[in-house]
Amino acid sequence: MRVLLPLLMLGSVAHALYFFLDGTQPKCFFEELPKDMLVVGHYTAEEWDDNTQSWQKHDGISIYISVEEVFDNDHRVVSQRGSSSGRFTFTSAEPGEHKICFTPSSNSGRTGWLSALQPNGGIKLTLDLAIGSSEIHSTDKTKLIDISERVRDLNARLLDIRREQIFQREREAEFRDQSESTNSRVVRWMFIQIVVLGITCAWQLSHLRSFFIKQKLT
């Protein structure tokens, strides 16, 4: 059966309702969504308990949830199996009609859950669907806090690396200046040695010349 949920209004829209599911038969809703719209759904599945004479959830109930983009050849964007209560989320990638389906199963052994037409039969599913929701679940908050802490830790590490790089550049600049200073002193010392050697050679030549002149005179 084709069930249409009300069209979106501006802002966040929440649909809270309950309905009955036949066993192993999917129940689908169609919702027209704009692009980049967040949808958050909370559900609770219950089965009639003859002992308590009331609808109760138990561990044997599971719900298969699927979301398909009708406009894109029923491209499936959500496929998950949950327990008797849980949540699902998705964001519309493109504007268009989306089909949201729920398929129950139960291992209670009670045959009444297979048909909602029987008295107290079927599975009672309570659905709270928030469209355009700004809600953040506590687990998501924890994840965001963890991510925020990791980002701060990474930023601190980046600052440490940057300080280390600056220190290494300063060390390199200091070593370069020291090397240039040493090279300059070596060059100056070599120049002084060459000058001294030149003066010594000139003096020796002059002395030898005077010696040879005296030898000729004698």
Side-chain angles (χ1 to χ4, degrees), residues 1-48 55-108 110 112-117 121-151:
M1 186 175 74
R2 185 183 179 92
V3 181
L4 294 175
L5 291 177
L7 294 176
L8 295 175
M9 305 298 290
L10 293 177
S12 176
V13 177
H15 304 294
L17 68 160
Y18 72 88
F19 47 90
F20 296 92
L21 304 175
D22 287 335
T24 70
Q25 295 296 319
K27 180 97 168 183
C28 298
F29 299 90
F30 292 80
E31 184 70 34
E32 189 79 20
L33 298 173
K35 183 178 181 180
D36 297 329
M37 180 62 66
L38 174 64
V39 178
V40 179
H42 295 267
Y43 68 90
T44 300
E46 298 171 307
E47 186 178 353
W48 181 261
W55 294 95
Q56 300 288 334
K57 63 180 182 179
H58 59 81
D59 295 336
I61 300 176
S62 66
I63 299 293
Y64 174 71
I65 304 165
S66 65
V67 179
E68 298 175 349
E69 296 174 334
V70 178
F71 59 88
D72 190 16
N73 295 322
D74 292 335
H75 172 244
R76 184 162 293 178
V77 295
V78 173
S79 177
Q80 72 178 61
R81 181 171 296 278
S83 59
S84 58
S85 63
R87 71 191 292 266
F88 64 93
T89 63
F90 69 94
T91 301
S92 55
E94 297 293 338
E97 192 173 56
H98 291 68
K99 182 171 69 173
I100 307 172
C101 296
F102 303 89
T103 306
S105 64
S106 174
N107 60 5
S108 65
R110 182 176 176 272
W113 77 276
L114 292 171
S115 175
L117 297 179
I123 298 293
K124 180 181 179 182
L125 185 72
T126 303
L127 176 64
D128 184 3
L129 194 64
I131 302 175
S133 174
S134 59
E135 170 192 6
I136 300 179
H137 195 260
S138 59
T139 56
D140 296 331
K141 289 182 179 179
T142 303
K143 292 179 182 179
L144 289 176
I145 292 173
D146 291 340
I147 292 173
S148 178
E149 291 177 353
R150 291 182 182 178
V151 169

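When a residue number appears, it is its place in the shown sequence, counting from 1.
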Which atoms form the tightest heavy-atom contact between [X] and [Y], and what is the distance?
X: Thr89; Y: Val78; value: O-CG2, 4.1 Å
X: Lys57; Y: Ile61; value: CA-CD1, 4.3 Å
X: Cys28; Y: Lys99; value: CB-CG, 3.9 Å
X: Asn107; Y: Gly60; value: OD1-CA, 2.8 Å

Ring centres under 6.0 angstrom apart (His98, Phe71):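 Ring-ring flag for His98/Phe71: true, centres closer than 6.0 Å.
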
Aromatic centroids of Phe20 and Trp48 separated by under 6.0 Å: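 No - the distance between ring centres of Trp48 and Phe20 does not fall below the 6.0 Å cut-off.
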
Quick check for you: to the nearest 0.5 Å, what is the distance between [X] atom [atom1] and [Y] atom [atom2]?
X: Arg87; Y: Thr44; atom1: CZ; atom2: OG1; result: 13.0 Å
X: Glu47; Y: Gln56; atom1: CD; atom2: CD; result: 10.5 Å
X: Ile65; Y: Ser79; atom1: CD1; atom2: OG; result: 10.0 Å

Pairing residues for Thr126 by the side-chain hydrogen bond (donor to acceptor under 3.5 Å, both in side chains) criterion, not counting sequence neighbours: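 None.
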
Pairing residues for Arg76 by the side-chain hydrogen bond (donor to acceptor under 3.5 Å, both in side chains) criterion, not counting sequence neighbours: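 Result, side-chain hydrogen bond (donor to acceptor under 3.5 Å, both in side chains) vs Arg76: Tyr64, Glu68.
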
Exceeds 12 heavy-atom contacts within 6.0 angstrom, atom CG of Asp59: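 12 or below, so no.
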
Residues, nucleotides or ligands: over 12 heavy atoms within 6.0 Å of Tyr18 OH: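 Not buried by this count: 12 neighbours or fewer within 6.0 Å.
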
Close side-chain approach of Glu31 to Ile131, heavy-atom, < 4.5 Å: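 They are in contact (side-chain heavy atoms under 4.5 Å apart), so the answer is yes.
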
Audit row: Ile123, Phe102, side-chain contact (heavy atoms from CB on, under 4.5 Å) steps and yes/no: CA-CA 11 Å; Ile123 298 293; Phe102 303 89; over 6 Å; no

Donor-acceptor contact below 3.5 Å, side chain Glu69 vs main chain Ser92: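 Not confirmed, Glu69 side chain does not pair with Ser92 backbone.
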
